[in-house]
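See below for the structure under consideration.
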Amino acid sequence: MMSAQVEWLWGPPTCPPHLAALRERVSAFAASPDLAALREAARAEGLYGLALPGRYGGLGLPLREWAHIAEVEGEHGPYVFGSAALLDLAVLPEDDPVREDVARGLLTTCNAMTEPDAPGSDPSFTTTKAYRDTDGTWRVTGRKWFVSGADRADLAYVLARTGDGLSLLLSEAFQTERELAVLGAGGQWEVTFDDAPARLLGAEGEGLRLIGRRVRLGRVLRCLNWLGQAQHAFTLMRDRARARPSRAGRLADFQLVQQMVFESLLAIRQCRPLVYDAAALLAGGRDAATEIGLAKVAAARMLSQVADAAVQVHGAAGLGPDTPLPAIFRTGRTARILDGPDELHVASVARRLLR
Ligand SMILES: Cc1cc2nc3c(=O)[nH]c(=O)nc-3n(C[C@H](O)[C@H](O)[C@H](O)COP(=O)(O)OP(=O)(O)OC[C@H]3O[C@@H](n4cnc5c(N)ncnc54)[C@H](O)[C@@H]3O)c2cc1C
């Protein structure tokens, strides 16, 4: 629950008053390991697809407003509350035959870009190939990995080399080969395409431009999600420090614990405006490359730092099964690699500034 005190803790930008009740409902939505059931419950409560346009059954909240909800939707929120479909709408043309079903959550997609034998941070090394068959059908062959949610996806976006550069295709004919545990947790998959029929999206050679739209919005939404997870970890840390007895009285009375609390809040407060700046620029259709790069690196570092501090203050309990801290800690560590490793953003923002 986002109490008034918690709003005060996080600082500006504060949630617009007309969204406060909605934000509380999303924030308080019960957690369950059965994500499909949780998604149905969200639908039943009218909390599904809030950010999607009205014609797809959503509330059509603009990104600037949705940001305040996205922050509290939780680790699996994009799937449970349907905001993941925003990324599809950024890529699929208005007249695409699956756009409506994807937007309504009847079809789910995954994004197959990274390959085992090529650096994911540089798509120009992509080896997956696609060609147009004699009957006009596009066919894809290649191996991708760390494809999030491939097991429950109906369709995969796949970046492939075609005669004219890198192109983006959509295919339903992919095999999930094995699950790749990330620091012990599932959800990532290695997938193969074996002469798989596919549909070309946009024009040949336009793959990076098309997927770029999805990736830019995805990074901003992910940063908002990381902010929410950090706030959750911070609250757990603060509550633990106040409740746990110690030689000093409570853990909260140790100055070194106070320092972790201070540094964590500072990291959250420094990061939050950067993320909202990036969201505002992107929503305004402006070139947000620098702001997104700054926000991504800041948010990944911030989540790593806050999750680490929260685990430390909990002692062994922070590593055990009774709190969400191991999952948040894991997200913090992966944050510095996925959506482009931090080094990539540091280098490209700096190059842009120095040009
Ligand atoms: C949890 C998780 C979910 C993911 N989900 C997906 C998904 O759904 N779809 C998908 O396609 N991929 C996904 N990925 C893969 C992710 O996008 C890649 O791991 C990422 O782009 C880096 O590519 P790579 O792993 O091949 O690392 P490499 O490109 O091999 O880079 C390795 C390291 O080299 C260094 N490096 C790279 N570039 C530079 C540079 N310019 N300057 C300095 N150092 C540099 C960095 O330290 C980097 O970590 C996911 C990964 C994780 C961990």
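Atoms considered below: every heavy atom in the structure, side chains included; atoms not considered: hydrogens, waters and symmetry mates.
Annotation: cation-pi geometry satisfied between R39 and Y79 (NZ/CZ under 6.0 angstrom from ring centroid, within 45° of ring axis).
D135 and T137 are linked by a side-chain donor-acceptor pair at a separation below 3.5 angstrom, with hydrogens and angles left out of the test.
Classification of E94 and R55 as a salt-bridged pair holds, one side-chain N sitting under 4.0 Å from a carboxylate O.
Taking a 6.0 Å sphere around CD of E204, one finds it holds more than 12 heavy atoms contributed by other residues, nucleotides or ligands. Taking a 6.0 Å sphere around CZ of R64, one finds it holds 12 or fewer heavy atoms contributed by other residues, nucleotides or ligands. For R99, the CZ atom sits in a packed shell: over 12 heavy atoms of surrounding residues, nucleotides or ligands are nearer than 6.0 Å. Within 6.0 Å of atom CZ in R244, 12 or fewer heavy atoms from other residues, nucleotides or ligands are found, so the atom counts as exposed in its surroundings. By the neighbour-count criterion of 12 heavy atoms within 6.0 Å, atom CD of Q312 is sparsely surrounded, having that number or fewer from other residues, nucleotides or ligands. Heavy-atom neighbours of Y276 OH from other residues, nucleotides or ligands within 6.0 Å: above the threshold of 12. In the displayed structure, D239 atom CG is contacted under 6.0 Å by more than 12 heavy atoms of other residues, nucleotides or ligands. The environment of CG in L256 is sparse: at most 12 heavy-atom neighbours from other residues, nucleotides or ligands sit within 6.0 Å.
Judged by distance alone, the side chain of H232 and the main-chain N or O of G228 form no donor-acceptor pair under 3.5 Å. Between the side chain of R199 and the main chain of W138, no donor-acceptor pair closer than 3.5 Å is present. Between the R25 side chain and the L47 main chain, no donor and acceptor come within less than 3.5 Å of each other. In this structure a side-chain-to-backbone donor-acceptor pair under 3.5 Å is present from H345 to D339. Judged by distance alone, with hydrogens and angles left aside, the side-chain atoms of R23 form a donor-acceptor pair with the main-chain N or O of H68 at under 3.5 Å. For the pair R143 (side chain) and E190 (backbone), a donor-acceptor distance under 3.5 Å is absent. The main-chain N or O of R250 is found under 3.5 Å from a side-chain atom of D253 such that the two form a donor-acceptor pair. Between the side chain of E115 and the backbone N or O of T127, at least one donor-acceptor pair lies under 3.5 Å. For K129 (side chain) and R161 (main-chain N/O), no donor-acceptor pair under 3.5 Å exists by modelled atom type.
Here the CG-CD1 distance, from L236 to I328, works out to 6.5 Å after rounding to the nearest 0.5 Å. Taken from CZ in R336 to NZ in K296, the straight-line distance is 9.5 Å, to the nearest 0.5 Å. Considering NE2 of H314 and CG of D322, their distance stands at 10.0 Å, rounded to 0.5 Å. Rounded to the nearest 0.5 Å, atoms CG (L338) and CZ (F146) are 10.5 Å apart.
Across all non-hydrogen atoms, the minimal contact from S304 to G332 is OG-O, 3.2 Å. Of all the heavy atoms in L166 and P123, the pair that sits closest is CD1-O, 3.4 Å. Taking all atoms of both residues into account, the shortest heavy-atom contact from T109 to R214 is OG1-NH1, 4.0 Å. Closest approach of A198 and S171 over heavy atoms only: CB-CB, 3.8 Å. Heavy-atom minimum distance, T334 versus V182: CG2-CG1, 3.4 Å.
Contact check for W145 versus R178: side-chain heavy atoms found under the 4.5 Å cut-off. No side-chain heavy atom of L168 sits less than 4.5 Å from a side-chain heavy atom of M113.
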Stepwise salt bridge (charged side-chain N to carboxylate O under 4.0 Å, His left out) test for E291 and R286: CA-CA 11 Å; E291 287 70 19; R286 308 253 305 277; over 6 Å; no

